[in-house]
Amino acid sequence: MKITQVRARVFEWKGKTVPPQAHFCSNAMDQLWDRGDSMGTFRFHGWTVVEVETDEGVVGIGNVALAPRIAKAIIDQYLTPLVLNQDPFDYEYLWQRMYRSTLAWGRKGVAMAAISAIDIALWDIMGKATGRPVFKLLGGRTKEKIPCYASKLYRTDLDEMQREAQRYMDQGFKAVKMRFGYGPKDGPVGMRKNLDSVAAVREVIGDDVDLMLECYMGWNLEYAKRMLPKLEKFEPRWLEEPVIADDIDGYAELNRLTNIPISGGEHEFTSYGFRQLLDKGAVSVIQYDTNRVGGITAAHKINALAEAYSVPVIPHAGQMHNYHLTMSTLASPMSEYFPVHDVEVGNELFYYIFEGDPEPVNGFIDLDEHLPGLGLTLSDKYLDQFNIIE
Ligand SMILES: O=C(O)C(=O)C[C@@H](O)CO
Ligand SMILES: [Mg+2]
């Protein structure tokens, strides 16, 4: 089998969006004097979709959500020539070829995200060509179904957060993730507001449901050290990305400090990046996203590493490229799940671009044993609401 064409397209949402609100979610920009649009740094209103075609008519679909126009340019100008006329089953060779050819300027960030998209498409091809779902190529079913946590609960009015939390309880979820709205610049008042929001959600979900807390890099080491003891009584399952992704020693210090597990990794890349996090004891939960970290080829290696360190892997975002790894990995106990709703930060766009992601039932998703590849197709329902760049 040979790769004959790589088609990268950017899907930019031009439809209705939920307007940004102040203190919606803490983020790394909060600490600068210019707060501006508080949602700006984590809004993803575009996605790159990659279709890799073969001489046998099998087409693999990959995707990348970071800096989509740049990802497309990297794919078109650098990666496509490296994979054309190659056998998609040579996934490790092709991964190394893309990684090593772009090493001088690639390694992390959008270059690795672009590599991820092609790699995901290669695994989709391998699944489709062999008539097997990707999880069967990765080791098979390690769990009957995948437990999911509902991940939204952005900071709004506390009554509204409580109503939202109640909806997840009614839907049968046994775990939820909420976002902090305040950080170091908001002083003791913001600290109190952060704690009040955790108390409000905990009150609704009770003690038998896992509660994950998300900082999205909006705190710093000193602030996190002050917050951690105050959060202990809420028994969170984890505290996520309390400091920026480059402050690995900061993560390690916080992880040693309390019983609250520190999680991170959605802004880390390749097995080299995760070896560093694990060696330093920086995270107690790994949260790579397969469409950034280096694709399924890299994520599969990280899973093996995590297993050896006894650190669970709970990938960032739900989505098929992550679900197949979670299903096939004993070190992955659950998945994130973004409830479907109007386009807000953009995580939702996946549901507007693709069809095939399973819907949770009572807080669990399942993957079809008989659906070859990743099980995703491109949706034509919302095409008129996207600006598509060829
Ligand atoms: O779901 C997460 O872990 C994220 O960081 C999502 C991001 O969009 C901010 O909530
Ligand atoms: Mg996160």
Side-chain angles (χ1 to χ4, degrees), residues 13 17-18 20-30 37-47 63-68 113 148-156 161 164 168 173 175-183 194 197 201 210-219 224 236-247 251 254 260-269 274 277 282-293 312-319 321-323 326 332 334-352 357 360:
W13 181 250
T17 56
V18 179
Q21 298 168 43
H23 298 291
F24 183 78
C25 179
S26 58
N27 65 78
M29 283 296 286
D30 284 349
D37 168 6
S38 63
M39 276 174 67
T41 56
F42 57 93
R43 192 188 288 117
F44 304 94
H45 285 177
W47 219 284
N63 75 87
V64 39
L66 290 186
C148 295
Y149 71 90
S151 177
K152 192 168 172 272
L153 284 168
Y154 286 94
R155 171 67 201 225
T156 50
M161 288 183 84
E164 187 187 338
Y168 302 139
F173 286 99
V176 296
K177 184 159 87 186
M178 59 175 289
R179 275 75 180 166
F180 287 112
Y182 299 87
N194 278 340
S197 65
V201 173
D210 275 327
L211 177 59
M212 291 73 161
L213 305 176
E214 165 79 278
C215 307
Y216 202 74
M217 304 179 288
W219 293 359
R237 171 84 182 244
W238 67 66
L239 182 79
E240 180 166 336
E241 291 205 296
V243 294
I244 55 170
D246 282 326
D247 187 5
Y251 277 89
L254 294 172
I260 300 178
I262 301 298
S263 71
E266 69 179 79
H267 300 104
E268 192 49 80
F269 301 86
F274 282 89
L277 290 180
V283 288
S284 291
V285 181
I286 282 180
Q287 296 172 298
Y288 63 65
D289 194 325
T290 303
N291 74 0
R292 302 175 182 174
V293 77
V313 180
I314 304 177
H316 169 255
Q319 306 168 355
H321 42 270
N322 293 311
Y323 289 146
T326 301
S332 281
M334 73 163 92
S335 284
E336 180 165 17
Y337 170 73
F338 294 132
V340 186
H341 56 93
D342 292 341
V343 176
E344 198 167 37
V345 299
N347 292 323
E348 319 78 26
L349 273 189
F350 200 80
Y351 306 120
Y352 291 76
D357 245 39

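In listed order, ligands and their atoms are each counted from 1.
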- Item | Atom indices of ligand 1 within 4.0 angstrom of F338 heavy atoms, with elements | 1 (O)
- Item | salt bridge (Lys or Arg N to Asp or Glu O under 4.0 Å) involving E348 - partner list, sequence neighbours excluded | none
- What pairs with V313 under side-chain contact (heavy atoms from CB on, under 4.5 Å), at least two apart in sequence or on another chain? I286, Y288, N303, A306, P315, S332
- Query: At what distance, to the nearest 0.5 angstrom, does CD of E241 lie from CD of Q287?
  - Reply: 7.0 Å
- Task: State, to 0.1 Å, how close F180 and C215 come at their nearest heavy-atom pair, and which atoms those are.
- Result: CD1-SG, 3.9 Å
- Query: For the rings on Y216 and H267, is their centre-to-centre separation under 6.0 Å?
  - Reply: yes
- Query: T156 and R179: side-chain hydrogen bond (donor to acceptor under 3.5 Å, both in side chains), yes or no, with the steps?
  - Reply: CA-CA 10 Å; T156 50; R179 275 75 180 166; over 6 Å; no
- Closest heavy-atom contact between E266 and R292? O-NH1, 2.9 Å
- Item | Shortest protein contact, atom 7 (C) of ligand 1 (heavy atom only) | Y216 CE1, 3.7 Å
- Query: Under 2.8 Å from the Mg ion (ligand 2), how many protein N, O or S atoms can be found?
  - Reply: 3
- Message: Within the 4.0 Å heavy-atom shell around R179, which atoms of ligand 1 are there?
- Response: 1 (O), 2 (C), 4 (C), 6 (C), 10 (O)
- Task: Compare every heavy atom of I314 with every heavy atom of Y149, then report the nearest pair and how far apart it is.
- Result: CE2-CG2, 3.9 Å
- N/O of N347 under 3.5 Å from N/O of ligand 1, yes or no? yes
- Query: Residues two or more places apart in sequence or in another chain: which of them pass side-chain contact (heavy atoms from CB on, under 4.5 Å) with A28?
  - Reply: M217, I244
- Message: In this structure, does ligand 1 have an atom that sits under 4.0 Å from one of the heavy atoms of E240?
- Response: yes
- Query: What's the shortest heavy-atom distance between H45 and T17, and which atoms?
  - Reply: CE1-CG2, 3.6 Å
- Report yes if some N/O of E336 lies less than 3.5 Å from some N/O of ligand 1; otherwise report no. yes
- Identify the two heavy atoms, one from Q319 and one from D357, that lie closest to each other, and give their separation to 0.1 Å. CA-OD2, 3.3 Å
- atom 4 (C) of ligand 1: nearest protein contact (heavy atom, Å): E214 OE2, 3.2 Å
- Proximal ligand 1 atoms for Y154, defined as those under 4.0 Å from one of its heavy atoms: 8 (O), 9 (C), 10 (O)
- Query: Who's closest to atom 3 (O) of ligand 1 heavy-atom-wise, of K152, K177, R43?
  - Reply: K177
- Note on the structure: The answer for which part of H316 has a heavy atom under 4.0 Å from ligand 1 is side chain
